[in-house]
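Report on the following structure.
In what follows, every chain begins at residue 1, and chains take the letters A, B, ... in the order their sequences are listed. The structure presented is a predicted model; accordingly, all values stated were derived computationally and were not measured.
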Amino acid sequence: MGIISFILIGSSLVFPAVALWALWWAGRHGQLTHADKASLLPFDEQEPVGRMTDVVLNRPKASTAAPGGVAR
Amino acid sequence: MSSPATPGVLAALSPRDADTSADRRAELAEIDASTSGTVLLFFLAGMVWLLIGTVFALLASYKLHAPEFLAGEAWLTFGRIRTAHLNAVIFGFSAEVAVGVMLWLMCRLCRVPLMAQSVINAAALFWNVGLTLGIVGILKGDTTGVEYLEMPKYATPILFVAFALIAVWTIVIFRFRREKHLYVSQWYLLAAVLWFPWLYSTAQILLVLEPARGTVQAAVNWWFGHNVLGLWFTPIGLAAIYYFLPKVIGRPIHSYYLSVLGFWTLALFYNWNGFHHLVGGPFPAWMITISIVASVMMIIPVVSTAINHHFTMVGHFGKLKYSPTLRFIVFGAVSYTVSSLQGVASSVRWFSEVAHFTHHTVAHAHWGMYAFFTMTMFGSMYYILPRITQREWPSERLISIHFWCTALGIILYVAPLSWGGWLQGKAMLDATVPFLDVVKITLPWLKLRTLTGLLLAVGHVAFFVNLVWILARRFGPYRQPEPMILAGVTPATPAGK
Ligand code: HEM
Ligand code: HEM
């Protein structure tokens with residue numbers, strides 16, 4: 001049982017410690033402050049904000065690309 | 001499927017050999033191509049398990065109102081078929097599709113191609129070998145009898161090795177990210193890969209290797225069982241919603257702060273929830289009470305997530321007409337709120353007195369695992385597959401069949417069964433009602449479940465046919481000449497409506 005308790009106590013200490021470290025790291029590296037920047041991360045110049053992606057159903061028959069319109 | 005643009009195993013492990021000079025963020029198409037073989041492997045295997053799991057599900061469901069059906073063979077009895085269903089859909093379908101979605105999302109958000117794909121492909125192989133052994137073992141009667149850990153001892157180490165490879169590789173991808181800022185989806189994904197090995201190894205140690213005694217076993221069992229749902233599937237489902245919802249409609253998430261609050265409060269409270277599965281069990285009252293309190297506190301992440309998703313969508317509901325991803329993801333997001341609030345109610349003592357040990361719990365299970373998680377994974381696959389195969393979905397009709405059969409099917413499954421389960425619980429508490437009458441009360445609801453299960457099965461087959469078709473277009477003899485997916489197309493209504 002000794003080794004098992006060791007592993008379990010170890011893991012129950014290590015785990016919260018990792019979580020706290022992650023929170024500290026996030027705070028230190030500006031991950032919790034620059035919300036405006038973070039919320040833009042799914043977008044880029046290829047697929048900017050304002051552009052719908054995933055147009056699959058009910059498309060108009062003669063499909064033409066429209067600048068600044070909708071991709072894919 | 002190693003692409004020349006991606007580093008090999010050594011480069012992936014060693015910063016010296018890696019392409020660190022490249023401050024450049026990889027192009028989306030390059031990233032998608034690098035993940036293609038691996039993600040396809042996980043999706044295909046997951047979908048095969050979904051079909052197998054659906055057959056087990058229909059058999060189990062039918063047997064509940066026709067118990068004499070296929071009752072002659074031990075391996076076809078309800079106990080084994082039900083457990084085979086659970087393991088096929090949880091560890092086969094849900095886990096494998098989740099890994100595929102996770103890898104794709106992680107690479108995209110880190111802006112790196114998937115490196116040394118062979119490592120992850122080997123993990124996929126191990127996972128499927130372990131799972132096949134496990135499910136055959138369950139059907140043979142070798143189950144451990146511990147829910148969510150039913151697979152026999154000879155299968156689980158293989159699964160553990162596979163999972164460790166996946167976890168390490170996800171962290172390696174993150175380590176080499178070229179985008180330094182983290183998006184909320186990455187928080188959820190990283191947490192999921194760190195949590196799972198901890199949960200799995202602790203549960204294996206305390207339940208299989210050196211089993212705890214007595215009721216402690218049940219406590220560990222439900223600490224694990226709950227956390228598999230709450231700290232593995234839920235974060236991956238939420239990571240997908242937080243990415244695809246803004247991405248499809250082309251609008252950033254309503255409040256990034258709210259999303260971060262949702263993540264940290266989930267991390268804080270969910271781990272304490274496990275014992276709400278044991279309300280009324282032989283445990284110290286404080287243990288159960290802590291879990292109930294933590295369950296009620298879950299209202300904070302659930303409601304903040306719901307508000308955030310809703311306000312992101314406001315003004316963009318018209319886009320549901322065009323995007324299958326959006327349809328499934330919005331359905332999944334709404335179901336996350338509904339199933340979680342149902343879960344909060346189920347954890348409260350007076351509610352649990354009625355609903356525990358009834359079909360109400362099974363309805364809640366499918367509200368969470370199907371209406372939220374499975375629908376979210378379907379939505380994710382609709383987005384990812386055309387990008388990694390560079391082909392469009394071959395059949396719009398099959399997409400519609402898939403969506404309507406699964407959306408209607410699951411609503412008609414879970415809503416009536418929740419009510420039927422409640423009536424069952426009320427009747428069970430009434431000492432004047434003979435037990436056989438309680439069983440009779442459940443029959444119409446169970447029959448309806450079999451019918452809705454058939455509807456879901458039609459949806460699954462429709463999706464599978466479309467999936468095989470898109471692969472045939474990519475790799476088969478009749479290749480589609482032009483990757484039309486990349487042509488921009490304007491829908492009939494203005495964007496934003
Ligand atoms: C064709 C659709 C499906 C049908 C008809 C179906 C039916 C069933 C049945 C009859 C049971 C046994 C309930 C009992 O023990 O009383 C069950 C259990 C379960 N199924 Fe499904 N299922 C389906 C799809 C799925 C999917 C796709 C998932 C997960 C992604 C899932 C997750 C579960 C879970 C977690 C349980 C255990 C629930 C509990 O014990 O409370 N099912 N299902
Ligand atoms: C705040 C959120 C949630 C709370 C407080 C909660 C609470 C509960 C409670 C109290 C039970 C036990 C009911 C009983 O046995 O009487 C339960 C069962 C279950 N929950 Fe949840 N739930 C939540 C969200 C979810 C989500 C999001 C999922 C799916 C991803 C899920 C999947 C399940 C499953 C599969 C079971 C059945 C376990 C079994 O008996 O086999 N729950 N939940």
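- Look at B:Asp32 and B:Arg108 and you find a salt bridge, because one of the NZ, NE, NH1 or NH2 atoms lies within 4.0 Å of a carboxylate O, short of that distance.
- Between the side chains of A:Thr53 and B:Tyr383, a donor-acceptor pair is found at a separation under 3.5 Å.
- Ranked by heavy-atom pairs shorter than 4.5 Å toward chain A, the options B:Tyr243, B:Tyr382, B:Trp264 are led by B:Trp264.
- Judged purely by distance below 3.5 Å, without hydrogens or angles, the side chains of A:Asp54 and B:Thr325 pair a donor atom with an acceptor atom.
- Residue B:Leu182 touches chain A through both its backbone and its side chain, counting heavy-atom pairs closer than 4.5 Å.
- With a 4.5 angstrom heavy-atom cutoff, B:Trp195 touches chain A via backbone and side-chain atoms both.
- Electrostatic pairing of A:Glu47 and B:Lys247 counts as a salt bridge here, judged by a charged N lying under 4.0 Å from a carboxylate O.
- Contacts between B:Val260 and chain A at a heavy-atom distance below 4.5 Å involve the side chain alone, from C-beta outward.
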